[in-house]
Amino acid sequence: MVRIRSRSIMKRASIILLLLAWGVALPSPASADLNVFACEPEWATLAREVGGEKVNAYSATHAQQDPHHIRAKPSLIARIRRADLVFCSGADLEVGWLPLLMQRGARAGVQPGTTGYIMAAEHVPVLEKPTVIDRSLGDIHPGGNPHVHLNPENIMIIASVLGKRMIAIDPENAAYYRKRLAAFNASWRRAIEDWDNRVTKLAGMPVIVHHKSFSYLFDWMGLNQIATLEVKPGIPPTASHLNGLLRKVRSSNVRAIVRAPYDPSDGSNWLSSKTGIRQIELPYTVKRNAGPGALFNLFERTIELLEGANAGS
Ligand SMILES: [Zn+2]
């Protein structure tokens, strides 16, 4: 029995080798039609929401990585080479590494300005746009805040852009993408209605953040972001800046010092120990390989944590 089985496996293996020798492409296990190279996990997950089994989405970064700063590794060049769609935040979030990957590996169909190139920030209103751009100060948000995914209304806008692009690139599966996008939009709209009811109760809640990673979230929720631990976006806290904050928070009712999982904790530890204000780490994004439902859970968990901080529980 075992011998017969192993013989059939060998037979199958030799057929595969023969096909490979002839240059016949074997179907990938997922039989996906469209390869998405996402810069951040939230966009890979959104691609899986809209694209389902027709899409193979890869995220260049994971939830514990600061998307401002990663290395343009050869493995990422190999990944972007296969991409039919490059899907990132834009607004300079990936300026330190994406242009290099694009230059080294990306095909013509995913270059800037083509259907296969989506920068989320180009499709939603960008917050904190400076009136004067001055990179010399080390500001890593020279074109405004790039962390656009934490407003659920933005997610819906970008999902629709994504759906249209998927249909344009892979028209054979147009009906499939259209159906999934409609289903996602309907359930996301219901979720927003529920979240809107909850976040109304948090309006005006004063918070301090390490980096301006959550501006879109707080803008949507109506929270009052009174200061950042960073001197400017990308410039770490200094002793004099932190001492200045100490005076500021003593005169206001700050409910939480908020940071992302990849932010250094020393600044928030210091301020928390001096003031007794709780520090909370918000998830910021989803797991790298997260499937459908993860974006919903991201907002659920984030709101829960802020509700807890507001209630002092
Ligand atoms: Zn940033």
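Note that the structure is predicted; figures quoted are calculated from it, not measured. As the structure lists them, so they are numbered: ligands from 1, and atoms in each ligand from 1.
If you count the protein N, O or S atoms nearer to the Zn ion (ligand 1) than 2.8 Å, you get 4.
With respect to Glu193 and Arg190, no salt bridge is recorded, no charged nitrogen being found less than 4.0 Å from a carboxylate O.
Checked against the 6.0 Å centroid threshold, His149 and Tyr284 count as a close aromatic pair. Aromatic ring centroids of Tyr117 and Phe87 lie 6.0 Å or more apart.
Crowding of Arg198 atom CZ: a count of heavy atoms from other residues, nucleotides or ligands under 6.0 Å exceeding 12.
Classification of the Phe37-Tyr58 ring pair by plane angle, with boundaries at 30° and 60°, yields tilted.
Among the candidates Arg278, His210, Arg259, Glu281, the single residue satisfying the side chain to side chain donor-acceptor pair (under 3.5 Å) test with Ser268 is Arg259.
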